[in-house]
Amino acid sequence: MRAAYVTEPSPADPLSAIRVGELDTPAVPDGWVRVDVRAGALNMHDLWTLRGVTRHPRTGPHVLGSDAAGVAGGRDVVVYPVLPTTDEQSGEQAGGRAVAHATLLPDAGHGVFAEHIAVPAGHVVPRPAHLDWAEAASLPTAWLTAYRMLFTKAALAPGQVVLVQGAGGGVATAAVSLAVAAGATVIVTSRSEQKRERALALGATAALDTGARTPAPADVVIETVGTATFEHSTRSTRVGGTIVVCGGTSGFTASLDLTRLFAREITVHGSTMGSLTEFRALLDFVAEHRLRPVVDSTVGLADVSTQAARMLSGAAFGKLCVRVA
Ligand SMILES: NC(=O)c1ccc[n+]([C@@H]2O[C@H](COP(=O)([O-])OP(=O)(O)OC[C@H]3O[C@@H](n4cnc5c(N)ncnc54)[C@H](OP(=O)(O)O)[C@@H]3O)[C@@H](O)[C@H]2O)c1
């Protein structure tokens, strides 16, 4: 079968580490199912895999990709990308509040940028019928992460103000769509005028240059940019508001004015991926509101390096997808 994989990571030149070629079709253990993949979507995580930062389960070809949609047992499905761990299962018991130490499929040797993959049977969820393959493949990581940040961590309520930093990212575009559908007023920031305009078209009420003063203090801030925006996030949060952090594309360190933190009684949450319960709830929400993930572009599997280059450039608006079959 055709697959996109890495054999030797390259910290300095991650794109050079991408290989596309023939690999053996994976075995399907008891309790798992085979998925014939139709489309996948790229994440920063794949760049880290190419750089050798993420865990490697074994030597030899390491298939890339966490996000996939395809056909399993004749059904159109989307794949839940987090392998069950003790912590994840306890998260389910606690109402989906904890998924610490989540293991993504590729980190356990089950990457999804391949014509055929094997995943635990419980990890396939019916594809929302209004979505095409690339849109469906965009949901597992970015949309699940945004869903958990907004609804589980920040307990977003209709009418609240949400500030989304870095409007063009996969998590950011998902957060805008989800928050608008939930009845929030959404403010975005971006360095790019074009991205600001596209965020307004998605339903944002205001789109500001990065670092600009917001028209209203935010009840909830969705922070994925990190170093470049975190100080602005704390400045823009109302008394009693919540900042939820899931990443740091511009860097992972930030200074924090503690006076602002305690005087405004701001809560800062870390958040990673989401539970299977949240994934099912996300897909129901997407179907109910007929939301369509923003797909920046889709290329064939052979051209996955084009998408990786575009992700590195920071030019994308929405998800970078690959057509697998
Ligand atoms: N914890 C989790 O479970 C989880 C899941 C998914 C993603 N993540 C992380 O979340 C982060 C976002 O990932 P993503 O794929 O959604 O988006 P992304 O492609 O990494 O980019 C997000 C945004 O960052 C902004 N940005 C980058 N450099 C900047 C700079 N120097 N100054 C200001 N803004 C800058 C850009 O905004 P503009 O160009 O619009 O200004 C860009 O649209 C990554 O760090 C990723 O690893 C974590």
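Every number for a ligand or one of its atoms is a count from 1 in the order of the listing.
Partners of Arg34 by salt bridge (Lys or Arg N to Asp or Glu O under 4.0 Å), not counting sequence neighbours, listed by chain and number: Asp36. Applying the salt bridge (Lys or Arg N to Asp or Glu O under 4.0 Å) criterion to Arg280, with sequence neighbours excluded, gives no partner residue. For His130, the ring-ring contact (aromatic ring centres under 6.0 Å, His included) test picks out no residue, with sequence neighbours left out.
For the residue pair Arg191 and Thr210, no side-chain donor N or O sits within less than 3.5 Å of a side-chain acceptor on the partner. No side-chain donor-acceptor contact under 3.5 Å links Asn43 and Ser66.
Distance check, rounded to the nearest 0.5 Å: OH of Tyr147 to CG of Leu178 gives 8.5 Å.
At a 4.0 Å heavy-atom cut-off, the residues surrounding ligand 1 are Met44, Trp48, Thr141, Thr145, Gly166, Ala167, Gly168, Gly169, Gly170, Val171, Ser190, Arg191, Lys195, Thr224, Val225, Ala228, Cys246, Gly247, Gly248, Thr249, Ser250, Ser271, Thr272, Met273, listed by chain and number.
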